[in-house]
2 protein chains.
Amino acid sequence: MGSRLGDRGTGRPTLEAVAALAGVGRGTVSRVVNGAAGVSPRARSAVEHAIAELGYVPNRAARSLVTSKADAIALIIPETETRLASEPFFASIIRGVASELSDTELQLLLILVSTQRERERLAGFLDGRRVDGVLMVSVHADDPVAELVERTGLPAVLGGRRSEMEPLNYVDSDNLRGAWAAVRHLVGLGRQRVATITGPPDMEASGVRLEGYRRALEEAGLAVEAKLIAHGDFSEASGEQAMAELLEREPAVDAVFCASDLMAVGAMRALRRADRRIPQDVAVVGFDDSPVARHTEPPMTSVRQPSEEMGRAMARLLLEDIATPGRSHRQIILSTELVVRESA
Amino acid sequence: MGSRLGDRGTGRPTLEAVAALAGVGRGTVSRVVNGAAGVSPRARSAVEHAIAELGYVPNRAARSLVTSKADAIALIIPETETRLASEPFFASIIRGVASELSDTELQLLLILVSTQRERERLAGFLDGRRVDGVLMVSVHADDPVAELVERTGLPAVLGGRRSEMEPLNYVDSDNLRGAWAAVRHLVGLGRQRVATITGPPDMEASGVRLEGYRRALEEAGLAVEAKLIAHGDFSEASGEQAMAELLEREPAVDAVFCASDLMAVGAMRALRRADRRIPQDVAVVGFDDSPVARHTEPPMTSVRQPSEEMGRAMARLLLEDIATPGRSHRQIILSTELVVRESA
DNA sequence: GGCCGTAGTGGGCGCGCTCCCAAATCGCTC
DNA sequence: GAGCGATTTGGGAGCGCGCCCACTACGGCC
């Protein structure tokens, strides 16, 4: 019996059904739906009514098939350790990205990659051009995922960079100035033996923060001593361990700049165990200004990174890159800010 | 000039190109790709070689168009306030979901909904059947988003429930027993004036946790007094405020069970301001066992929810529901566990 | 030797859409 | 009133794939 036009498959109305109801051709409906020019007001209105009446929603797969655009971007999080859980940093990034995308037709795909298998799946996924662009955070220097992304030639934006010559577009925070400001603050407090706990050596941010530390000391006329530098991996445990080492190597240490809040938390724990008062005996500054910084005892002075803004900027950059593929290589550096609380 | 088969659009090989190279028909290639039976070893091997040589990856849009499946599920987070940022709970859920999906062909779409506009977009999105199923967390009793999802008839699983008669499938943690265990612990410590700070009244979990509090008190032969019950909204600020009220209404309070860690943090702050020692004067228990619980001073006793496992269970349930749509209404309750630290 | 399975195979059809071109219509000008 | 460009319109073609049906081969059976 008279099965109406476009009423075959899922029962959802098609372009054709709308066209029939509006008494126009498919082309016209398509033009209206896509906001293209060259449609008479009469036709447009007829189509709009038909769309409303039928509750028409374009089929994305069909559109995608012909335009060969995916209408989606991926946010890749290389989920080493259990960082996603403990790093509100990522959550903020996600927020920023999502908010920037919200008046776009683009979908946000979240892709967590930790195992080798997942990496391979990601490769197939990108090769299949299932997304129009890629956002990636927490990249290490020789990150295989980043290299994978680079190979695909897809528009991509990194949060953070792998080196000073990062070939991909990226958004980063001003780690140098942030670290510098933190250490300068410590020096300004009259501290003489200022130590630092760095991040993982294969991350650019670690090196840059260390450099900021160096410069601030040099400017203050203080020596940069190897025994005042300990290495961590951004985790709480590594911070505790590193602080213990520092105390052993230089008992007279009176301040420490940690390249992450989590490490600062660990450091504070080590200090407490060693019966040092914070900040009287040892002043502590962290980096990230994550929520945990407000809850330490005493509340932690930390370098704020505008993480949500970072997410937004990343999304913006990617959008531009997708729109104008030939576009030149770009980067954005967001400024940081020292939030002074009671630990230093 | 001889433009090779399937070499028109994006330059990526198509089924047809693979078929040509392997010297078979499209149907056979399709069968191999989809692991269907009824392909001779000879043909299969030829096709596999051709696929490898060409680096063929199926075009998802085309497949999607004909199967009318989206190959994706959505994780919807109604992002009231700035909870995503501060709630590692969500991050764990995401982790769990992603890990459960990782050996599936399904994509995870993250959808944050806060404004009315975004809600409308979501409606169109779901109506467009752009996903095969929906996961949703943090649902309030009269959540318009949940109702929207319910209307679409899409397979859906909630994290938490809206009422005891939740019509949608859901995964929840055992709030009743969790709260009960917490309060029982406080009573076991000899506390006589045990207060509670509840979550937002329009969330089922709040009511259930309060009920757990009630039962534990009753079992201990203690009266449940209105002045010992204050209401918050899970946020830190609300916890601080509620604790202040409690202290005013009943200065003799010697313990407080908070329905979230964040509120417990706020409560601890209020207690400190009122010069009460924790736990000597007032014992404090939180709920969630979020990372922040380990960093309070003193470290907080809290009820652990298996949030990552919740995410996994949600995904599992949804997968089943997608596979077998007629399936009956199901729910999973995950058990909680009291983690005793120093605050109680 | 003819007949009927059964496993394997090829390819037409259509999913819903955008692209594009030819056709229709309109409004002016001379 | 004819002519011409500009605007608007309809609909064919084809995106890459899964579904399905017709067809071929190959045995084994009576």
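Numbered from 1 within each chain, the chains take letters A, B, ... in sequence-line order.
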Checking C/dT9, C/dT18, D/dG16 against the side chain of B/Thr14 (C-beta onward), the nearest is D/dG16

Side chain of A/Thr28 (C-beta onward), nearest among C/dT18, D/dG18, D/dG10 = D/dG10

Using whole Å, report how far CG of A/Asn59 lies from P of C/dC17.
-> 6 Å

Considering only side-chain heavy atoms of A/Ala62, which listed nucleotide, C/dT9, C/dC17, D/dC17, is closest?
-> C/dC17

Which sits closer to the 5' end of DNA chain D, B/Arg31 or B/Leu65, going by the nucleotide each is nearest to?
-> B/Leu65

Between atom CD1 in B/Ile51 and atom C1' in D/dG16, what is the gap in whole Å?
-> 14 Å

To the nearest Å, how far apart are B/Arg63 CZ and D/dC15 C1'?
-> 16 Å

With the side chain of A/Ser40 defined as its heavy atoms from C-beta on, choose the nearest nucleotide among D/dC17, C/dG10, D/dT9.
-> D/dT9

How many Å lie between CD on B/Glu16 and C1' on D/dG14, as a whole number?
-> 12 Å

When you look at CD of B/Glu53, are more than 12 heavy atoms from neighbouring residues, nucleotides or ligands closer to it than 6.0 Å?
-> no

A/Ser68 side chain near D/dC15 phosphate (N/O to OP1/OP2, under 4.0 Å) | no

Rounded to the Å, how far apart are B/Leu15 CG and C/dT9 P?
-> 15 Å

May I have the distance from A/Arg12 (atom CZ) to C/dG16 (atom P), rounded to whole angstrom?
-> 9 Å

Assess the side chains of A/Glu118 and A/Ser114: does a donor N or O sit below 3.5 Å from an acceptor N or O?
-> yes

Between A/Arg129 and A/Leu126, is there a donor-acceptor pair closer than 3.5 Å when you use the side chain of the first and the backbone of the second?
-> yes

To the nearest Å, give me how far apart CG (A/Asp71) and P (D/dC15) are.
-> 20 Å

Measuring from A/Ser163:OG to A/Met203:CE, what's the distance to the nearest 0.5 Å?
-> 13.0 Å

Between B/Ser30 and D/dG18, is there a side-chain N or O to OP1/OP2 distance below 4.0 Å?
-> yes

Determine, stepwise, if the pair B/Glu308 / B/Arg312 fulfils salt bridge (Lys or Arg N to Asp or Glu O under 4.0 Å).
-> CA-CA 6 Å; B/Glu308 186 168 337; B/Arg312 260 201 295 276; 3.4 Å; yes

Rounded interatomic separation in angstrom, taking NZ from A/Lys69 and C1' from C/dG16 = 17 Å

Which residue, B/Arg26 or A/Ala43, contacts DNA chain D at a nucleotide closer to its 5' end, judged by nearest heavy atom?
-> A/Ala43

